Structures are given as structure tokens and as C-alpha cells.
Amino acid sequence: MDSVSSSVPASTKDIDTSIDTSKVKKHLTIGVLNPHYIFRNDILIALKKGYFKQVGIDSVEVKVLDDPVPALIGGSLDFANYDIDSVMAAAKQSRSDIRFLSVTFGGEFVGLGVRKGIKSAADLKGKTISGGEFNTRNDANVRELLRDKGIDPEKDVKVVATGGGSNERLAAILSGTIDAGNIQMRHRQMIEKEGGTILFESLRQVPQSGWAAAGIMRKSPETAAAFLTAVLKGRAYVDDPAHQDEVVDLMKAEGLDMPAAYVAVYKEENAPAYHTVDGGFETANMDQFIKDSIAYKTAPAGTDWKDYTDLTPLWRAQKALGLPLRPSLKSAADGN
């Protein structure tokens, strides 16, 4: 496949918004890496509101997988919502046809949750802390956050690796297995209820996760444009605060976990700049993200995101929905 810069349309007039439903795969299987409702609320809304039907997709099956990349390569998944650095690394290392398509979460929240009794940076000295598995972005983010607060992660604390995601790190903190760890904003009420707190936190614009595809880009590129059109239409509905109660009720009806703590941060987690409403990103932010990922060793040296990205389906969806093209054609072509 061509790189982004070699396949950018000359102008917006060259972007086709019409979907040929006869070329769209009717039944899709997608993967998400986390059971939290936010990883599928746009999908469920798009199904409920008929947005998928409008573009020729009849059904979407969602599977929760720790690592959807092998299933993408093997063809059992059509699309996957996964960490962008992991997608880029897999594409480069496997020399497969995996391609990143669109951002899901463009805001990155880094929060250091601590158990009861820890109230300051000084209280962290000698304590056990985890950002998850070693050599991941979460691990690197926790270490950076500690350094920003004057804590040397190599000398002042004991950083350990833990499996699973942020839910598992929260459980480890509450059980006393670790003293602190990287958790999400949705965990704030839960940890405070047990006497702990989010001691340090930061929020910045980082295109950290999004949709990727592989074989279907060869077999049915029309499906990718259709899929993103429906997903972004669903996401715009979800991100509108006026629809919160309806979306929460639907998530509950679907059997997804929706405790009061999740509902309390609905607006923050589904803010258009965090739960990226247009599916796009700024190229400067992506450049920095990949640069950081190489430094963190979550992406191989020499990784260029443009080599493993196909923006045509995103631009088609954005234009169809009346959204500005982001990234712009110029910035994608220039690479800046």
C-alpha cells in the first residue's frame, strides 16, 4: 500500500462521499481491547439508530481482546480499536498490510491513583507503583509523571510490572498489592470511596488509540469508508451531553457495566476533544506521539506513521458528515 503522502487527493473535490452499498461487507467482526463501555458506545448507538444500515452494514459483532493485532492479520477481525503505537509497531515489524485509519481517543489522561494514607509526593518514597507492563506507554507515562513531581522512578520508588489494564491496577491498589498505579478518570469515585485519591494527573492532546484494519482494505475498501461514516455519526450522538441519559440507559440495557462512578465522568470521557468526535488528529501531535513511542520503545526506531496510515476512508466519512477534514490534505501531504 502507498504511504499517506503519496495518496493524498489533490483537493476535497476528489473525495467521494457516496457509499456503494453493493461493495460493503454486510456483517463485520471488530475487536476492542477493553470491556469499558466507552470503547463501544459509538458502535452500539450506530447500530441502535440505524447508521450502519444506512451505509450497507447489517450487523457488527464486538469481541474484547487483549491484543487484536494477530486477529487482524489472520483475518478474523475486520477492524480493531487499539493503541496506535502498537498498530504502527505491528505493521512495521510484521510487514503486513495493517493500517491505522482513525483516532478514537485523542485526549490522554494520566492519573496516579494512590491508596489510603498517601497524601503527597513525599509519601510515595519507597512505595510500589505500576503503570502496567514494562516498556508500554502507560509505564512510560507514569515514570514521566513521577519525574515531573520530583520523584526518581529508578531510586525513590519501586516500579513493578502488572498485567491487565487500568481496572486491574485499580483493584491492585485497593487490595494493597501495590501502593499506586496509573488509573483512569472513571476510577476517581471508586478510589476516593476507599480513602485513596488520584494524587497526580495530567491531560493532553495525544492521538493514543484508534481504528485499524488489515485485509479488508484490499478486499473491500468501501467497507472502511462505510464503517467510519457510521461510527463517527454514532460518536457525535454520544459526545452530545444532551444524549447522556439515553446513552447510559442503552449501555445498561446492553448489559455493560455502568456504575455511578462511570456516569459521573460521562461528560469528561465523552468530550469531543477526548472521545475524538471527528476521528481526526493534528499531524504535529501524531509526529510527537510516534517520536515519544520510539523513545519509550513501544514503536521501532525509524517508524513513520504515514507509512502505515490510510486516511482516505476517514476523509470520505468526514466530508460525508459535514466535518472539516482533519488532518488537512495539505498537512498530510507535507507531513507537518
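Predicted model, so just to flag it, every value in this text is computed and none were measured.
- At least one side-chain heavy atom of I129 sits under 4.5 Å from a side-chain heavy atom of L112.
- Between T229 and Y51, the closest side-chain pair of non-hydrogen atoms is not below 4.5 Å.
- Between the K233 side chain and the A46 main chain, no donor and acceptor come within less than 3.5 Å of each other.
- From N81, atom CG reaches atom OG of S209 across 5.0 Å, with rounding to the nearest 0.5 Å.
- Two residues are said to be in side-chain contact when any heavy atoms from C-beta on lie closer than 4.5 Å; T21 and E222 fail this criterion.
- Hydrophobic clustering (side-chain heavy atoms under 4.5 Å, transitive across Ile, Leu, Val, Met, Phe, Trp, Tyr) keeps I178 apart from V142.
- Contact between D78 and A213 at its shortest, heavy atoms only, is O-CB, 3.6 Å.
- F105 and F39 have perpendicular rings, their planes meeting at more than 60° on a 0 to 90° scale where under 30° would count as parallel.
- In the hydrophobic clustering of ILVMFWY residues, with side-chain heavy atoms under 4.5 Å counting as a link, V206 and V110 come out apart.
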Under the criterion side chain to side chain contact (heavy atoms under 4.5 Å, CB included), I'd like the reasoning laid out for T276 against T104: C-alpha separation, chi angles, the key distance, then a yes or no.
CA-CA 6 Å; T276 311; T104 302; over 6 Å; no
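- Under the 3.5 Å distance criterion, with hydrogens and angles disregarded, no donor-acceptor pair is assigned to the side chains of E61 and H27.
- Between L77 and I30, every side-chain heavy-atom pair lies at or beyond the 4.5 Å cut-off.
- Ring-plane geometry between F79 and W211 is classed as perpendicular, the angle between the planes exceeding 60 degrees on a 0 to 90 degree scale with a lower cut at 30.
- Side-chain atoms of R316 never come within 3.5 Å of backbone atoms of T17 as a donor-acceptor pair (strictly under, hydrogens ignored).
- Inter-residue side-chain proximity for M217 and P313 is flagged as met; some heavy-atom pair is nearer than 4.5 Å.
- Of the possible polar contacts, one joining the Q208 side chain to the G107 backbone as a donor-acceptor pair under 3.5 Å is found.
- The backbone N or O of T128 sits less than 3.5 Å from a side-chain atom of D179, completing a donor-acceptor pair.
- In this structure, CD in E133 is found 7.0 Å from OG1 in T136, a value given to the nearest 0.5 Å.
- Scanning both residues, A299 and A89, for their nearest heavy atoms gives CA-CB, 4.2 Å.
- No side-chain heavy atom of L314 sits under 4.5 Å from any side-chain heavy atom of V103.
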After noting the C-alpha distance and the side-chain angles of L33 and V64, does the key distance pass the side chain to side chain contact (heavy atoms under 4.5 Å, CB included) rule?
CA-CA 5 Å; L33 79 163; V64 180; over 6 Å; no
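- Contact between N141 and E108 at its shortest, heavy atoms only, is ND2-OE2, 2.9 Å.
- Taking the six-membered ring where the residue is Trp, F100 and F281 present tilted rings, their angle falling between 30° and 60°.
- The two residues D58 and K53 have their closest heavy-atom pair at OD1-NZ, 3.6 Å.
- Of the possible donor and acceptor atoms, none in the side chain of K149 sits under 3.5 Å from a partner among the backbone N and O of L145.
- Taking the charged nitrogens against the carboxylate oxygens, K330 and D334 do have a contact shorter than 4.0 Å, which makes a salt bridge.
- One finds no salt bridge joining D83 and R137 here, because no Lys/Arg side-chain nitrogen approaches an Asp/Glu carboxylate oxygen to under 4.0 Å.
- Using a 4.5 Å cut-off on side-chain heavy atoms (C-beta onward), D42 and H275 make contact.
- Residues satisfying the side chain to side chain contact (heavy atoms under 4.5 Å, CB included) criterion with P272, sequence neighbours excluded, are D239, V277.
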Pair Y296, E144 - check side-chain hydrogen bond (donor to acceptor under 3.5 Å, both in side chains), show working.
CA-CA 11 Å; Y296 297 154; E144 181 181 354; 2.9 Å; yes
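- In this structure, V159 is not a member of the same hydrophobic cluster as I173, with clusters built from ILVMFWY side-chain heavy atoms closer than 4.5 Å.
- Between A91 and Y308, the closest heavy-atom pair is CB-CD2, 3.5 Å.
- Side-chain N or O atoms of S328 include one that pairs as donor or acceptor with a backbone N or O of S331 at under 3.5 Å.
- A salt bridge between R188 and E268 is absent, with no side-chain N of the basic residue lying under 4.0 Å from a carboxylate O of the acidic one.
- The shortest distance between side-chain heavy atoms of K125 and V157 does not fall below 4.5 Å.
- When atom types are taken as modelled, the side chain of H243 and the backbone of Y237 share a donor-acceptor pair closer than 3.5 angstrom.
- To the nearest 0.5 angstrom, S166 atom OG is 6.0 Å from N34 atom CG.
- Here the CD-CE distance, from E246 to M251, works out to 9.5 Å after rounding to the nearest 0.5 Å.
- Using a 4.0 Å cut-off between a side-chain N of Lys or Arg and a carboxylate O of Asp or Glu, R143 and D139 qualify as a salt bridge.
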Apply salt bridge (charged side-chain N to carboxylate O under 4.0 Å, His left out) to the pair K48 and E254, showing each step before the final yes or no.
CA-CA 11 Å; K48 184 73 172 181; E254 291 291 326; over 6 Å; no
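- Remark: T303 OG1 to Q93 CD distance equals 7.5 Å, nearest 0.5 Å.
- Using a 4.0 Å cut-off between charged side-chain N and carboxylate O, R326 and D278 make a salt bridge.
- Looking at T197, its side chain never comes within 3.5 Å of a backbone N or O of L199 through a donor-acceptor pair.
- Checking side-chain atoms of S175 against main-chain N and O of A171 turns up a donor-acceptor pair under 3.5 Å.
- Checking N270 against D240 by side-chain atom types alone, no donor-acceptor pair falls below 3.5 Å.
- Screening L170, N167, V263 for a side chain to side chain contact (heavy atoms under 4.5 Å, CB included) involving R186 leaves a single residue, N167.
- Using a cut-off of 4.0 Å between Lys/Arg side-chain N and Asp/Glu carboxylate O, R147 and D152 are scored as not salt-bridged.
- At least one donor-acceptor pair under 3.5 Å links the side chain of R169 to the backbone N or O of N182.
- Of all the heavy atoms in L101 and L311, the pair that sits closest is O-CD2, 4.1 Å.
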